[in-house]
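Here the structure is laid out as structure tokens; the discussion comes afterwards.
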Amino acid sequence: MTKIVLMAAAFAAMLFGTSIESRAASLVASIDVSSQTMTVSQYGQVLYRWNVSTARSGYFTPRGTYRPQRTARMWYSKKYHMSPMPYSVFFHGGYAIHGTNAVRQLGRPASHGCVRLHTANAAAFYSMVREVGFGNTRIVVTN
């Protein structure tokens, strides 16, 4: 009887320990294109809600769930006249979440498809992604 109880307790500890551990490392950036906002959550709790700019008319911001593919402290767009993209977190090919100097445009569509943030907010998100790792970060883009 004692052996069964010990095995059950060990199994329960393993189950709860795994689920708590996997939740603890979770960082989620939810980008809502319709409201032009990005909500950053960690451990299931909202940390930030920032205004963003996604694709303007004639361009497209891809919808879906992604993991970061690469980061760059400073990147220059080869496609768009070497435009600066500070604190870039690339999530789908050339699409990235990154800082911008065009802060007056935040809150409305203005980009070629990337998700633009105030540079200070992009730096904070970039640091969080680098800290928790690509595998523990999700980027969700919805209408």
In residues 89-102, what donor-acceptor pairs under 3.5 Å come from side-chain atoms, sequence neighbours left out?
unit_1, atom_1, unit_2, atom_2, d
T100, OG1, A102, N, 3.0

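The OG1 atom of T142 lies 8.5 Å from the CD1 atom of I31; values are rounded to the nearest 0.5 Å. The CE atom of M38 sits 9.0 Å away from the OG atom of S30 when rounded to the nearest 0.5 Å. Distance OG/S83 to NZ/K78: 13.5 Å, rounded to 0.5 Å. One distance of note links CG of L106 with OG of S53; it measures 4.5 Å at 0.5 Å rounding. Rounding to the nearest 0.5 Å places OG1 of T137 at 9.5 Å from CE of M128. Annotation: the span from R49 atom CZ to T39 atom OG1 amounts to 4.5 Å, rounded to 0.5 Å.
Nearest heavy atoms, A122 versus P86: CB-O, 4.3 Å. Residues W75 and S88 come closest through the heavy atom pair CB-OG, 3.9 Å. In terms of heavy-atom proximity, A55 sits nearest to T61 at N-OG1, 2.9 Å. Listed here is the closest heavy atom pair of M85 and S77: SD-CB, 3.8 Å. Heavy-atom minimum distance, Y66 versus R63: OH-O, 2.8 Å.
When hydrophobic clusters are built by joining Ile, Leu, Val, Met, Phe, Trp and Tyr residues whose side-chain heavy atoms come closer than 4.5 Å, directly or via intermediates, V141 is grouped together with V129. Linking Ile, Leu, Val, Met, Phe, Trp and Tyr whenever their side-chain heavy atoms come within less than 4.5 Å leaves V33 and V140 in two separate clusters. Taking hydrophobic clusters as Ile, Leu, Val, Met, Phe, Trp and Tyr residues chained together by side-chain heavy-atom distances below 4.5 Å, M82 shares a cluster with M74.
A donor-acceptor pair under 3.5 Å is formed between the side chain of N136 and the backbone N or O of V132. Remark: the backbone N or O of V52 is not paired with any side-chain donor or acceptor of R116 at under 3.5 angstrom. Panel note: side chain S111, backbone C114; a donor-acceptor pair is recorded below 3.5 Å.
With sequence neighbours excluded, the residues that form a ring pair (Phe, Tyr, Trp, His ring centres under 6.0 Å) with Y48 are W50. For T54, the side-chain hydrogen bond (donor to acceptor under 3.5 Å, both in side chains) partners are Q36, not counting sequence neighbours. With sequence neighbours excluded, the residues forming a side-chain contact (heavy atoms from CB on, under 4.5 Å) with R108 are Q105, listed by chain and number.
V46 belongs to no hydrophobic cluster, as no Ile, Leu, Val, Met, Phe, Trp or Tyr side chain comes under 4.5 Å of its own.
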Side chain to side chain contact (heavy atoms under 4.5 Å, CB included) between I139 and R67, intermediate numbers included: CA-CA 6 Å; I139 298 166; R67 297 243 184 242; over 6 Å; no
Step-by-step side chain to side chain contact (heavy atoms under 4.5 Å, CB included) determination, V28 to V40: CA-CA 6 Å; V28 180; V40 179; over 6 Å; no
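Heavy atoms of other residues, nucleotides or ligands lying less than 6.0 angstrom from CZ of F60 number more than 12. For R130, the CZ atom sits in a loose shell: 12 or fewer heavy atoms of surrounding residues, nucleotides or ligands are nearer than 6.0 Å.
For residues 109-139, the ring-ring contact (aromatic ring centres under 6.0 Å, His included) pairs, not counting sequence neighbours, are Y59-H112, Y80-H112, Y87-Y126.
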